Novice: 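Dropping the structure in here first, questions after.
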Amino acid sequence: MSSEESEQRDTTKDEEEKAMKRGTAPQSFGIWLLLMMVSFSFASLPAAAQAPVTDPVGVVKLAKGEPLTIAYWFVVAGPDASLGIDTRRGVEIAIEDKGGKVLGHPIKLIGEDSGCNAEGGVTAATKLAANPAIVAAIGSNCSSEAVPGAPILWRAGIVTVSPSNTAPKLTAPDRGPTFDGYVRTAHNDKVQGRVAAEFVRKVLKVSKAATIHDGSPYAEGLAGVFAETFKKLGGTITSQEAIAPTDTDMRPVLTKIGAGKPALIYYPIFIAAGGHVTRQAKEVAGVGKVKLMGADGMFSPDFMKAAGDAAVGMYHSSPDLSPEALGPAYKTFVDKHQKKYGEKPLSAFHPHAYDAALMVFAAIEKVAKKDAAGNTYIGRKALRDALYATKGFKGLTGTLTCDKYGDCADPKIAVYQTESADPAKWEPGKNPRKIYP
Amino acid sequence: MRQRWFQKLSLVDLLLWAFRAGVLLLVIWGTIGTLSAGTYSGETWIDLVVFGLSQGSVYALIALGYTMVYGILRMINFAHGEVFMSGAYTAYFVADALARAGHLNRNPILSLLLILAVSMVTSTAVALLLERIAYRPLRRAPRLVPLIAAIGASFFLQYAFRGLYGSGFKAYPEAEILKGKWTIAGIEILRTQAVVLVASVLMMLGLYIFVMRTKMGTAMRAVSEDMEVAALMGINVDRVIVITFGVGAAMAGAAGMLYALVFKQVHFFMGFVPGIKAFTAAVLGGIGNIPGAMLGGLFLGVVESVGPILFLDGLGIVAPYQLKDVIAFTMLVMVLIFRPSGILGERLVVKKA
């Protein structure tokens, strides 16, 4: 429990005590008050000022017909925008499928761009935290945004469900109480890193590999898990390098990697820097023939633009979006997407975003209380608890069950290989072709 | 009283000397460590130097603009990185159109020259507008004012381009002629890098001749010596300043096109980091000094490329390239400690004294 939260609790307790003291001073008045309260609660007269819901973190009250505000914080601008736009569309389709309404309140979706970096995450979260109408948030996209951003939202009592944060430390047991309001429908990279390493070691039979990360929690965590698993499987990691996301000249780093003579480079970074690594790897002596493998952060047609023909033949670990993994509901979703936006999904996390939105709506329906006038009351902590209590939730990405640290995904990770770098031919499963499992 | 002051000074001096010695010791220790480990072959080092030179020549071309404007107006044009971006970004649309029409591979040299021309013209136009709208009205204001105006202009340009062309990045088309490698004197060099190196050396030479041999160049040097006296001698100072801005921006535009040829990505924020690096290069070489800016740019590029492995790998640091910028700026600090006027900066000191 965060200190702010307990403070809030203390203040509410104080207020109750004060009220009681005020009431008990003239005893008869106190009894009268008690009687009045009892009678009110039985008759539930419209004049009752008492909300039917109390909550230690706070209660959102919606008047009859007033819109219910859900916020997203995604990276919807800049080089990594395809990731955020993809997830935002997942949320929008979920709202449409829900009929645009929860408990008779029209759903209002607002949002902030989070920029895929820590500063952007803080700015977006701070802006959203200042808006008391927000019932719940969906986001963020990049783990580097979530690390500073999620605690800001929870301090304001807003629970957030991330469709694409995959860094292990966000749901690690030592993450601390400031992350109490954080849940994710994305897979934990402990799974993705393991699958990637298993594929490289067992299927490609590679014995020497190198990794590159960009200092973000996502990339560093994933590269770390990959290296650990790879070593356990008997492989050698020749070097573990780091770059900055704004770097453009990767040749020196690649030259350094080349000195260790790895057979594969795993670089789970983002589109702009990933494009540079992919293109320049073909040009550097010593790594020109090395196999390349990226992860879900650059699993997007935009990456094909950034990397050009150099992307042909490279591998990606990413959520498994194939029909055999996701079933027929996903096909319906993609058809809807095609019809609504005139194009195929842009990245890999739209089904997770869809599930995140529906999970939030289900939790709201579970905890919301209505009074006779048709006003709706939603307890913030109750909503958070309901999300954490999600069990066997049938979503697009599988059957979601949350553990006590907020990991809800039913992770299905596949490895893809790019056959054509033409962004117009982007169709996960066919191009890039799914090759594992 | 006086004795105390001396004591204090010697302590500061001592600390400074300890810092210098410490950095030098680390550098030497790291270098010996890396070289004695023998992980990297001779070719690796040559490759690293070539990569550094081609990156450095782009820095040098941008640095020329900083240095020329500073030499004449004593003002640091912090919007220069955005001038660089505007050229590269606008030329992208020409490059893309040429590539789509197939001209880029049919008439590669002509197409590349056209792209270069568009990039240089756009950059020059942006810089001239900046000079006219943002800097000229402030020429008599205290020195800090134009500096702040330049920072404002830099943000304005970034967000104007973001509004014009969107916030995503664009992928530059590749010319078939520039793919692959050439072998020159036994050293393999990427074609793009060879072109960048040769083009920037030619351009810098041209600029040097322009400044040293032409009438306009003489006028520029005169204005940089003393603006008032130059005006009294019948030099049109405004015109000289406009041409200085224009020439500096044309160099930045060319750098933008070369940068895009190598890295093949453009977006509205691409000017920021190279701009800061080029400014560093200009200071490193001695700001206000044209050969200094060239040397500073090449030096910075090579240090960034070779430094992390050479100095840090031997010290056992795991991912040295994350500290690339730290190395570059430590180098700057070291150069400024040992030679406060920059590598070639002695003339500036004489001038200001």
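In what follows, chains are A, B, ... by sequence order, proteins preceding strands, each numbered from 1. What you are looking at is a predicted structure, and each value in this text was computed from that prediction instead of being measured. The figures that follow rest on heavy atoms only: side chains count, while hydrogens, waters and symmetry mates do not.
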Novice: Is B:Lys324 salt-bridged to A:Asp249, cutoff N-O under 4.0 Å?
Specialist: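 No.
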
Novice: Look at B:Lys170, B:Lys181, B:Lys179, B:His267 and state which one has the largest set of heavy-atom pairs under 4.5 Å with chain A.
Specialist: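 Option with the greatest count: B:Lys181.
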
Novice: Please indicate whether B:Phe93 has more than 12 foreign heavy atoms, meaning atoms of other residues, nucleotides or ligands, lying under 6.0 Å from its CZ.
Specialist: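 Atom CZ in B:Phe93 is packed in, count exceeds 12.
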
Novice: Taking the side chain as everything from C-beta on, heavy atoms only, tell me whether B:Gln322 gets closer than 4.5 Å to A:His213.
Specialist: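 They are in side-chain contact.
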
Novice: Measure distances from B:Asp313 to the heavy atoms of chain A and classify the residue's part below 4.5 Å as side chain, backbone, both or neither.
Specialist: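 Only the side chain of B:Asp313 comes within 4.5 Å of chain A.
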
Novice: Is atom CZ of B:Phe272 surrounded by more than 12 heavy atoms (other residues, nucleotides or ligands) closer than 6.0 Å?
Specialist: no

Novice: Quick check on the interface: out of A:Glu241, A:Arg251, A:Gln240, who has the most heavy-atom pairs with chain B under 4.5 Å?
Specialist: A:Arg251

Novice: Are more than 12 heavy atoms from other residues, nucleotides or ligands located less than 6.0 Å from atom CG of B:Asp96?
Specialist: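 Yes, because the 6.0 Å sphere around CG of B:Asp96 holds more than 12 heavy atoms from other groups.
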
Novice: Considering heavy atoms only, which positions within residues 43-61 of chain B lie below 4.5 Å of chain A?
Specialist: B:Thr44, B:Asp47, B:Leu48, B:Phe51, B:Gln55

Novice: Minimum heavy-atom separation for B:Gln265 and A:Ala272, please, with both atom names.
Specialist: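 What the structure gives for the nearest pair is NE2-O, 2.9 Å.
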
Novice: Are A:Lys282 and B:Glu174 close enough for a salt bridge, meaning some N to O gap below 4.0 Å?
Specialist: no

Novice: Which atoms of B:Val306 are under 4.5 Å from chain A, going by heavy atoms: the side chain, the backbone, both sets, or neither?
Specialist: neither

Novice: Quick check: do B:Tyr321 and A:Met250 have side-chain heavy atoms less than 4.5 Å from each other?
Specialist: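 No, every pair of side-chain atoms sits at 4.5 Å or beyond.
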
Novice: Any side-chain heavy atom of A:Thr248 within less than 4.5 Å of one from B:Met270?
Specialist: no

Novice: Kindly indicate whether the side chain of B:Phe263, heavy atoms from C-beta on, has any atom under 4.5 Å from the side chain of A:Arg279.
Specialist: no

Novice: Is B:Tyr172 close to chain A through its backbone or its side chain, or both, or neither, when contacts mean heavy atoms under 4.5 Å?
Specialist: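 Contact with chain A involves the backbone of B:Tyr172 alone.
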
Novice: Is it true that, when you exclude B:Phe156 itself, more than 12 heavy atoms of the residues, nucleotides or ligands shown sit nearer than 6.0 Å to its CZ?
Specialist: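 At most 12 heavy atoms, drawn from other residues, nucleotides or ligands, come within 6.0 Å of this atom.
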
Novice: Enter the distance from A:Glu283:CD to B:Gln193:CD here, rounded to the nearest 0.5 Å.
Specialist: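 A:Glu283 CD to B:Gln193 CD: 7.5 Å, rounded to 0.5 Å.
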
Novice: Search all heavy atoms of A:Lys305 against all heavy atoms of B:Ala171 and return the closest pair with its distance.
Specialist: O-CB, 2.9 Å

Novice: Report, as yes or no, whether the 6.0 Å neighbourhood of atom NZ on A:Lys425 holds more than 12 heavy atoms from other residues, nucleotides or ligands.
Specialist: no

Novice: Please flag which part of B:Pro320 lies under 4.5 Å from any non-hydrogen atom of chain A: side chain, backbone, both or neither.
Specialist: both

Novice: Please report the interatomic distance CD1(B:Ile309) to NZ(A:Lys256), rounded to the nearest 0.5 Å.
Specialist: 6.0 Å

Novice: More than 12 heavy atoms of other residues, nucleotides or ligands under 6.0 Å from CH2 of B:Trp29: yes or no?
Specialist: no

Novice: Does any backbone or side-chain atom of A:Ala244 lie under 4.5 Å from a heavy atom of chain B? Answer side chain, backbone, both or neither.
Specialist: neither

